[in-house]
Visitor: 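Below: one structure in structure tokens.
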Amino acid sequence: MPPGGRPPGSGDSRRLLLVLVAAAVLAGAVGGGPCAFTRGDSARHPGAHPSTPSVTVTASQPGSVPETSNGSGGEGVYTAPAVTTAPAPAPGYSRSVDPVGYTVDVPDGWAREEKQGKLAPVVSYTSPDGNRRLLVFEIMEPSAAESSAQAESIAQGAKDYQYLDRRTGTGWTEFSYSYYDKRYGATRTVDHRFQAADGTPYAIVASGPPGTDMSGQLATAVNSFCPTGAACANAA
């Protein structure tokens, strides 16, 4: 939601919803937990939408035609359309034209999965070995700074939580921390929140085992991110 876009008369109930969404997204980012409302599990969470089939993003060459193949299991290979008027993705990366409404460059072969949160879709891109993840989602708070502060407060409740660092710039902020995840074990996360070119605040969260350098994947995703229809230097 763009800054200042809060509907009139929402009051404290809206604030409570924002906090709940922050908790839900964090739970999805850390691999699931007691507040993992982003999971496509209608049995546990009535009214939740099922997750979409995962697809694998592969590189497309300039002038190539997008192709999608689906097997009986609902999984397929997604080839991002070429954007001939924009800089090509860096070697080893593909430009994902995401149906949620943006383009973003992600490592070749990382599988995309979308789960519906309470107020916004949460898209994940996962490495073939399953150990490294990028999560992309629109945030509901009016600013990246407010959203990041709430996310940090929630993260402090994670098992073996340890604060590592925080960096802030014009229109963006990020904090990093480590914790123990019941699915992935020891995990290091960098949570980057920023204002996109259309004024909408988004988050891109990178996670992986301790000692894994995710800075390249995160920086590439953030620098290439462009909402559909927005005027971005890195997109058509």
Visitor: Step through it carefully: locate the ring centre of Y202, locate the ring centre of F137, and say whether they are under 6.0 Å apart.
Guide: no
Visitor: If you compare all heavy atoms of R95 against all heavy atoms of A88, which two are closest, and at what distance to 0.1 Å?
Guide: NH2-C, 4.2 Å
Visitor: Can you tell me how far NE2 of H192 sits from CG of L135, rounded to the nearest 0.5 angstrom?
Guide: 14.5 Å
Visitor: To the closest 0.5 Å, what do you measure between CD (Q162) and OG (S178)?
Guide: 4.5 Å
Visitor: If you look at every heavy atom in P210 and A186, which pair is closest and at what distance?
Guide: CD-O, 3.1 Å
Visitor: Testing the basics here: between W110 and P128, what is the closest heavy-atom pair and its distance to 0.1 Å?
Guide: CD1-CD, 3.8 Å
Visitor: Pick from E146, R193, R166: which one makes a side chain to side chain donor-acceptor pair (under 3.5 Å) with T173?
Guide: R166
Visitor: Could you pull out all residues at least two apart from Y163 that satisfy ring-ring contact (aromatic ring centres under 6.0 Å, His included)?
Guide: none
Visitor: How far does OG of S94 sit from CG of D108, to the nearest 0.5 angstrom?
Guide: 3.5 Å
Visitor: Do Y125 and I204 have side-chain heavy atoms sitting under 4.5 Å apart?
Guide: no
Visitor: Checking T187 now: which residues fulfil side chain to side chain donor-acceptor pair (under 3.5 Å) with it, not counting sequence neighbours?
Guide: none
Visitor: Return the set of residues passing side chain to side chain contact (heavy atoms under 4.5 Å, CB included) with T228 (not counting sequence neighbours), or none when no residue passes.
Guide: none
Visitor: Enter the distance from M140:CE to S147:OG here, rounded to the nearest 0.5 Å.
Guide: 9.0 Å
Visitor: Among all residues two or more places apart in sequence or in another chain, which pass the side chain to side chain donor-acceptor pair (under 3.5 Å) test with D213?
Guide: S215
Visitor: Locate the shortest heavy-atom distance separating Q217 from L134; write the atom from each residue and the value.
Guide: O-CD1, 4.2 Å
Visitor: Is the shortest side-chain heavy-atom distance between T200 and Q195 below 4.5 Å?
Guide: no
Visitor: With sequence neighbours left out, write down each residue that passes side chain to side chain donor-acceptor pair (under 3.5 Å) with D160, or none if nothing qualifies.
Guide: none
Visitor: Would you say that F175 contacts S148 through its side chain, given a criterion of any heavy-atom pair below 4.5 Å between the two side chains?
Guide: yes
Visitor: So, for Y180 and Y161, is the gap between ring centers shorter than 6.0 Å?
Guide: no
Visitor: Any side-chain heavy-atom pair from V123 and D98 closer than 4.5 angstrom?
Guide: yes
Visitor: Would you say P227 and E138 make side-chain contact, with heavy atoms under 4.5 Å?
Guide: no
Visitor: Would you please name every residue forming a side chain to side chain donor-acceptor pair (under 3.5 Å) with T212, sequence neighbours left out?
Guide: none
Visitor: Closest approach of A203 and I139, non-hydrogen atoms and distance?
Guide: CB-CG2, 3.8 Å
Visitor: To check you understand the geometry: which heavy-atom pair defines the closest contact between A197 and A231, and what is its length?
Guide: CB-O, 3.9 Å
Visitor: Please work out which of the three classes, parallel, tilted or perpendicular, describes the rings of F225 and F194, given edges at 30° and 60°.
Guide: perpendicular
Visitor: Nearest 0.5 Å please: distance from the CG atom of D105 over to the OH atom of Y93.
Guide: 9.0 Å
Visitor: Working to the nearest 0.5 angstrom, can you tell me the gap between R188 CZ and Y179 OH?
Guide: 12.0 Å
